[in-house]
Amino acid sequence: MNCQGLRKIVSESSKDLFTMPLPEELTRHVNGCPACAEYVRSLRELTGFLDRMEERSAPDDLWAGVVAKINEMEADRAREETISLRRKVAKRWLPLPGFLKPVPAWAAAAVLLVLVGGGVYLGRSCSPQPDVEPYGYYDQHVMLSVQDPLADRAAAGLMITENQARTGEKK
Amino acid sequence: MAIETLDVNIVVRARQGDREAFRLLFEATKGRTFNYMLRMIRNVEDAKDLTQEVYAKAFFALPGLRQPEAFSGWLKALVVNRVRDYLRSAPARNREVSLEEMVETSGGDVSALGVAAVTPEEDLLARERSAEMEKAIDGLPDIHREVVLLHHIEGLPVEHIASLLRVPPGTVKSRLARARGELASKLSGYTGLKGGS
Amino acid sequence: MILLLTGAVTHIWAAPPGGSASDLVRAAIRKEGRIDLSGTSETVLFTPQGQVKAQTRVFWSSQGMIRTEYLTGPAAGRVLVTRPLDAWEYRPGEKKVYLTLFGAAADLEKDWEMIAANHAFEDQGTERIAGRETRIVNIRSKYPGRPSRKLWIEPQMGVILKSEFRDASNALASATAFTSIDFNGKANPGLFSPPSGIPVVSTEGGQQPVSVEELAKLVGFPLVYPRSLPEGFRFQGVYPYRCRRGAYSAQLRYTDGLTSFSVFERWRVCPKCGEEVESGFPWRRGKRKVAPESCELLAGPAGKTVKVDKDKLSFVVVGDLAREELSRVAEGLK
């Protein structure tokens, strides 16, 4: 074991090396080499510094941001799914390339009717649907009320259900 | 609370979409995650954003985790990879954290920087030493700082770091050696280390 | 003679089980969701359209949690759980859980001070409910034209076995009664967590309890407080509310201890409903605005919701008070 060999082993080793007695081979060299002894001591001290470094505290509002991002990603995914579904539906209705067959007049009229009808249907299904909020102000008010003393929680659930049914009927 | 002491059932519940369970996992791991992010990225706001982003992604990716007991390592991999992506793209000038910011995120107490002071002189020396240590780590190249934090702060063994970074264990060892050498030469006034190997 | 006198004195001075009416109610409030029990109950909602009934299965956990499963009626399959810091509702039709955060846990002592200051308690006899003897207590607000409630409280366990709620015009609005109850055994803690594999939607956009300043930043305008409040009501807290499209409103909540009302505040021209969204034929993909009037945040029973606009803001007051009182609150926002 020479100085270069020792320094390579020690500098590349796991930090555990510095918390335990050195292996005998290294100890023998260190005992006879003040420079390497000093090198090992200093690395031990450096490792001690690093191990003692405290964790930085995470900001208090971190969770709020996490949940906001989750909701954002959820909304994005829902939007992407809707667009992808619409594209799939659209593909089925688009004429296939090269699909051109001579047809009798009545057959052509039937195809035209189907296309127009399909177009109207597609237009309706592609237009933005009325935004039915599944959880509106009243529902939110009722849900927060269940924390109140003596709240009738069973009735609260029925109130929310009834409100939803009423909203659905209006549509 | 360390993740290791958490009931694996909590991971199972979080995997099934239970936000309350996921919040418990978050609370158990946020300290280390943010700590690693901040020390690597060296910008408080970006570290905060990235931490939030990683956890949000983890929430959606969790159903894909087959072994709930592997949650800790799985999360660490997400964190390390995200940090690497960030460092590849973020300009270096944004990545500065002053000592004041470090103190602020440590709760305003310099002793939280790993220093136990006794007398005012020792306190001053300890503060200076810690500040130099922080500066020295921040000054390391990203690939060296990464292995120092993963090994010395996160406590990961060399083989684990190698698998996380997808490099051979020998590469991790040599990066660790170089990092120690650089730290040693920067801190020679405090450790007495002459630096270099 | 002496014996008669002693008997009379004993009869007069013997305290009923559970103490005075107000003591009994106070004990019942402390016990809500704080002992282990399970049972079945029936609930009736009295609406202008008629009665709506449901049978439910109920579990209480001494950790402060209550689970109500709707077995029959229009809410069949739904589950409502209240926990110390939040409540969630599972809707099987939508395969979703809606989660609402409360903010801080209840401060029972502070709540009681307000309840006692604003209400009067009256013993109204006894009755057997679910095979157990109960004392009937009527609770009325000290102020006229306010909701009231009648409780059937089992004095030994301190549990409310039946309750009736009357609205501000003294019409019966809802009633719930246990049909069977069991104080033995503990409910599985898993019952109080949302069902696995079901997405959870936070009605507050996942925002943790916010300060007034944080909420103002979130909604983009300084919050407006009603110029006057109905007597006995105090500000309880602020909550963010996030609609499905991602627009935030501020919710200000007021309570007199038992009855509450909310003031929702938002931009009159909703920032999200005014957005352009992709629509139209696939080969002519373009953008169209979503009509703001199609937004359904306002849906609520007639008489319980009042809306006013002022400048660029809209206010919606929701609660169980008389419509005149809700309107006065709304006018005080202009």
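Reminder, nothing fancy here: chain letters follow the sequence lines and each chain counts from 1.
Atom CD of residue A/Q147 and atom CG of residue C/L85 lie 10.0 Å apart, to the nearest 0.5 angstrom. Rounded to the nearest 0.5 angstrom, C/Y241 OH and A/L144 CG are separated by 11.5 Å.
At a 4.5 Å heavy-atom cutoff, C/A173 makes no contact with chain A through either its backbone or its side chain. Only the backbone of C/V200 comes within less than 4.5 Å of a heavy atom of chain A; no side-chain atom from C-beta onward does. For a residue to count as touching a neighbouring chain, one of its non-hydrogen atoms must lie under 4.5 Å from one of that chain's; by this rule C/I66 touches chain A with the side chain only. Proximity to chain A (any heavy atom under 4.5 Å) is restricted, for C/T82, to the side chain, taken from C-beta onward.
No other option in C/V79, C/T68, C/I29 has as many heavy-atom pairs under 4.5 Å with chain A as C/I29. Here C/A75 is the residue among C/S163, C/A175, C/A75 with the most heavy-atom pairs under 4.5 Å with chain A. In terms of non-hydrogen atom pairs under 4.5 Å with chain A, the most contact-rich of C/G257, C/S260, C/A54, C/G319 is C/S260. When each of A/L158, A/I70, A/I160, A/V142 is scored by its heavy-atom pairs under 4.5 Å with chain C, the top score falls to A/L158.
Heavy-atom contacts from other residues, nucleotides or ligands closer than 6.0 Å to CG of A/D60 number 12 or fewer.
Residues C/F102 and A/V146 meet the side-chain proximity criterion, which asks for heavy atoms closer than 4.5 Å. In this structure, the side chains of C/V263 and A/H141 stay at 4.5 Å or more apart for every pair of heavy atoms. In this structure, A/M143 and C/T203 have side chains that are not in contact, with every pair of non-hydrogen atoms separated by 4.5 Å or more. For the pair C/Q251 and A/Y137, the minimum side-chain heavy-atom distance is 4.5 Å or more.
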Take A/L150 and C/I139 through the side-chain contact (heavy atoms from CB on, under 4.5 Å) test and state the conclusion after the steps.
CA-CA 11 Å; A/L150 308 179; C/I139 308 175; 3.7 Å; yes

Give the C-alpha distance, both sets of side-chain angles, the deciding distance and a yes or no for side-chain contact (heavy atoms from CB on, under 4.5 Å) between C/T100 and A/Q140.
CA-CA 8 Å; C/T100 299; A/Q140 176 73 351; 3.6 Å; yes

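Closest approach of C/P74 and A/T161 over heavy atoms only: O-CG2, 3.5 Å.
At a heavy-atom separation below 4.5 angstrom, chain A is approached by C/A87, C/W88, C/E89, C/R91, C/E94 within residues 87-95 of chain C.
Using modelled atom types, one side-chain atom of C/Y70 and one backbone atom of A/G157 make a donor-acceptor pair closer than 3.5 Å. Within the 3.5 Å criterion, the main-chain N or O of A/P149 finds no donor-acceptor partner in the side chain of C/E32.
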Expected list for residues 40-48 of chain C: side-chain donor-acceptor pairs under 3.5 angstrom, two or more places apart:
{"unit_1": "C/T40", "atom_1": "OG1", "unit_2": "C/T179", "atom_2": "OG1", "d": "2.7"}
{"unit_1": "C/T40", "atom_1": "OG1", "unit_2": "C/S180", "atom_2": "OG", "d": "2.8"}
{"unit_1": "C/S41", "atom_1": "OG", "unit_2": "C/T56", "atom_2": "OG1", "d": "2.5"}
{"unit_1": "C/E42", "atom_1": "OE2", "unit_2": "C/Q55", "atom_2": "NE2", "d": "3.4"}
{"unit_1": "C/T43", "atom_1": "OG1", "unit_2": "C/T176", "atom_2": "OG1", "d": "3.2"}
{"unit_1": "C/T47", "atom_1": "OG1", "unit_2": "C/Q49", "atom_2": "N", "d": "3.2"}
{"unit_1": "C/T47", "atom_1": "OG1", "unit_2": "C/Q49", "atom_2": "OE1", "d": "3.4"}
{"unit_1": "C/T47", "atom_1": "OG1", "unit_2": "C/G50", "atom_2": "N", "d": "3.2"}
{"unit_1": "C/T47", "atom_1": "OG1", "unit_2": "C/G50", "atom_2": "O", "d": "2.7"}

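For C/K162 and A/D152, the salt-bridge test fails: no basic side-chain N is under 4.0 Å from an acidic carboxylate O.
Between A/Y138 and C/T305, the side chains place no donor N or O within less than 3.5 Å of an acceptor N or O (distance only, hydrogens not considered).
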